[in-house]
Amino acid sequence: MLIKRPSDILNSEITDRRLFENRRAFITRSGVGLAAGAALWHGLTSPARAARSSTNTALAGLPSALSTDEAKTDYQSVTTYNNFYEFGTGKDDPARNAGRMAVRPWTVSVEGLAGKPRTFDIDDLIKLAPLEERIYRMRCVEGWSMVIPWVGFPLAALLKEVDPLGSAKYVEFLTHYDREIMTRRPVLDWPYGEGLRMDEALHPLTLLAVGLYGETLPNQNGAPVRLVVPWKYGFKSAKSIVTIRLTEKQPPTAWNRAAPQEYGFYSNVNPEVSHPRWSQATERRIGELRRRPTLMFNGYGEQVASLYQGMDLRKHY
Ligand SMILES: Nc1nc2c(c(=O)[nH]1)N[C@H]1C(S)=C(S)[C@@H](COP(=O)(O)O)O[C@H]1N2
Ligand SMILES: [Mo]
């Protein structure tokens, strides 16, 4: 599988992905079965790996000026160290279990306070705006971080299509829930719900991601479409979205409902506001041993701090 890419991308930017492709090419050439080959390389025998390779297809994005130039987290970690509680709470559960989810056919209903509410077929939604590659720092509230090359387009482009009414102050996201293939344990109140204030939703950094590393999203990363909000803790970035609703009131969110004293609505990355059970001052970048200091707004303060001017961020955590 070849990745189409503009010739102006630096070689260093695609190195780890190309290494991964070369391994696959080697495995194919040498006649080792893909699943067995992957297991040889990675030292594990996960059926999710074979499923991933046969379902993901190339999906290129134009390089974005909003990308970080920090080293990307390796593809293997991005796709096997996940939080997607519908498929289990272990970090490797989503990679093993999310292959059960059918991501076609798939529709996303954009409803609520909109002049032109509409249900989008995912294949139309993907073509709504030029796809970009956005390399973002991602910070999980648990204290680890990654750098992920997403493929997607600004959520604002989708919202523009439905003509939000003046009364629409918030955007609610609801994700796919199917008790036949997902956990029935009431870890959270399913379906997983998230929300953004309208100005956050319209911010150019806020992405609807449909791919990563130049391919369609692996199921465990939230196929076929997920939110990516890089200045907020990872749980705001809802996976496998089916409903986007424009509302007047602040919508309920899954983690806030589960533990309101621990997870607020805003959930901006903030090294100065500790989680009640641990500090948020430092983080471990996956693939590194040292801990590094966590940056205010995950390092995106220059772009987003103005959204919160005058707000007490200790109160609005
Ligand atoms: N539907 C759904 N979306 C979700 C989650 C989840 O459990 N279910 N976990 C969140 C959390 S806590 C994180 S850190 C990110 C992880 O995204 P990644 O696995 O693609 O890195 O997804 C977020 N989106
Ligand atoms: Mo997270």
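In this text the structure is predicted, and so the values were computed from the model without any measurement. Numbering of ligands and ligand atoms starts at 1, following listing order. Heavy-atom basis, side chains included; hydrogens, waters and symmetry copies ignored.
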* Asked: Does a donor on one side chain sit under 3.5 Å from an acceptor on the other, for Glu283 and Thr294?
  -> yes
* **Electrostatic pair Lys239-Glu86, nearest N-O below 4.0 angstrom** => no
* Provide the number and element of each atom of ligand 1 under 4.0 Å from a heavy atom of Cys140. => 14 (S)
* **Side chain, backbone, both or neither: the part of Glu86 lying under 4.0 Å from ligand 1 by heavy atom** => side chain
* Is there a nitrogen or oxygen of Tyr81 sitting under 3.5 Å from a nitrogen or oxygen of ligand 1? -> no
* **Lys239-ligand 1 polar pair, N/O distance under 3.5 Å** => yes
* Tyr85: numbered ligand 1 atoms lying under 4.0 Å from its heavy atoms -> 6 (C), 7 (O)
* Classify the angle between the aromatic ring planes of Tyr233 and Phe235 as parallel (below 30°), tilted (30 to 60°) or perpendicular (above 60°). => parallel
* Below 3.5 angstrom, do we get any N/O pair linking Trp150 and ligand 1? -> no
* **Protein contact to atom 5 (C) of ligand 1 [nearest heavy atom, distance to 0.1 Å]** => Asn83 O, 3.6 Å
* To do: Verify whether one side chain among Arg139 and Ser145 offers a donor that lies under 3.5 Å from an acceptor in the other.
  => no
* Asked: Which word best sums up how the rings of Tyr213 and Tyr75 line up, parallel for under 30°, tilted for 30 to 60°, or perpendicular for over 60°?
  -> perpendicular
* **Proximity of Tyr300 and Trp231 rings by center, below 6.0 Å** => no
* **N or O pair under 3.5 Å between Asn221 and ligand 1** => yes
* Any idea which protein heavy atom is nearest atom 15 (C) of ligand 1, and the distance to it? -> Gly234 O, 3.6 Å
* Asked: Could you state the interatomic distance from CD (Glu262) to CZ (Arg277), rounded to the nearest 0.5 Å?
  -> 4.0 Å
